[in-house]
Amino acid sequence: MTDGRFRLAQMLVGLLAIFAVAFGVFMLAQPQLWYRSIPTVPFTGPFNQHFIRDIGAAYLAGGIIFGWATVNLRARRPAVLAGALWLSLHALVHLYEMITGICGVAIFWRDFPGVFGPPALALLGWWLARQ
């Protein structure tokens, strides 16, 4: 692997780690504020503190895995793939909700960068980290 490609993968995964940990901590510590801060979230249903904290725990776990992948060279690819799994499944849920009419197309496109961007970056980091 070239040093430049490795550094790019490390940077992408490191940024994802920061994003996921920050998002997870925000959801765990301030679920009501998080619910009101993301404009499209109220369209998904009423406030549910427990559910938001469950999702926050998933983001925090993914962020920790991404953080580990940035510093542990041996675990980098499997760890990035594990972190990308949650983000990818989350994006597929959003896609399903748009296809079935649960959420409108306008909400889907507003959510698109924050929902589909992270798993795309994770998978790009995984691909760049190949031998």
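What you are looking at is a predicted structure, and each value in this text was computed from that prediction instead of being measured.
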Same cluster (ILVMFWY, side-chain, under 4.5 Å), [X] and [Y]:
X      : Y     : answer
Leu60  : Trp86 : no
Phe26  : Leu28 : no
Phe43  : Met98 : no
Phe19  : Leu33 : yes
Ile107 : Ile38 : no

Measuring from atom [atom1] of [X] to atom [atom2] of [Y], what distance do you get when rounded to the nearest 0.5 angstrom?
X      : Y      : atom1 : atom2 : result
Met11  : Thr70  : CE    : OG1   : 12.5 Å
Asp111 : Phe116 : CG    : CZ    : 9.0 Å
Ile55  : Arg53  : CD1   : CZ    : 12.5 Å
Leu15  : Gln10  : CG    : CD    : 11.0 Å
Leu87  : Leu123 : CG    : CG    : 8.5 Å
Met27  : Asp54  : CE    : CG    : 9.5 Å

Minimum heavy-atom distance between [X] and [Y], given as atom pair plus value:
X      : Y     : value
Pro119 : Ser88 : CB-OG, 3.6 Å
Trp68  : Ala79 : CE3-CB, 3.9 Å
Ala82  : Ile65 : CB-CG2, 4.3 Å

- Task: Begin with the C-alpha distance, continue with both residues' side-chain angles, and end with the deciding distance and a verdict on side-chain contact (heavy atoms from CB on, under 4.5 Å) for Val80 and Arg77.
- Result: CA-CA 5 Å; Val80 171; Arg77 289 197 82 217; 5.9 Å; no
Any side-chain heavy atom of [X] within less than 4.5 Å of one from [Y]?
X      : Y     : value
Phe23  : Trp34 : yes
Arg76  : Phe6  : yes
Pro31  : Phe51 : no
Phe108 : Leu95 : yes

When the ring planes of Trp109 and Phe112 are compared, do they come out parallel, tilted or perpendicular, using 30° and 60° as the limits? tilted
Note to self: Working note: Tyr59 + Val21, criterion side-chain contact (heavy atoms from CB on, under 4.5 Å); need CA distance, chi angles, decisive distance, verdict.
What the structure shows: CA-CA 6 Å; Tyr59 268 106; Val21 166; over 6 Å; no
Sorted by chain and number, sequence neighbours left out, side-chain hydrogen bond (donor to acceptor under 3.5 Å, both in side chains) with Thr44 holds for none
Hits for side-chain hydrogen bond (donor to acceptor under 3.5 Å, both in side chains) against Asn48, two or more places apart or cross-chain, chain-then-number order -> none
**Prompt:** Step by step, would you call Trp127 with Arg5 a side-chain contact (heavy atoms from CB on, under 4.5 Å)?
**Reply:** CA-CA 10 Å; Trp127 182 77; Arg5 197 173 79 202; 5.5 Å; no
Connected to Tyr96, directly or through other members, by ILVMFWY side-chain contacts below 4.5 Å are Ile102
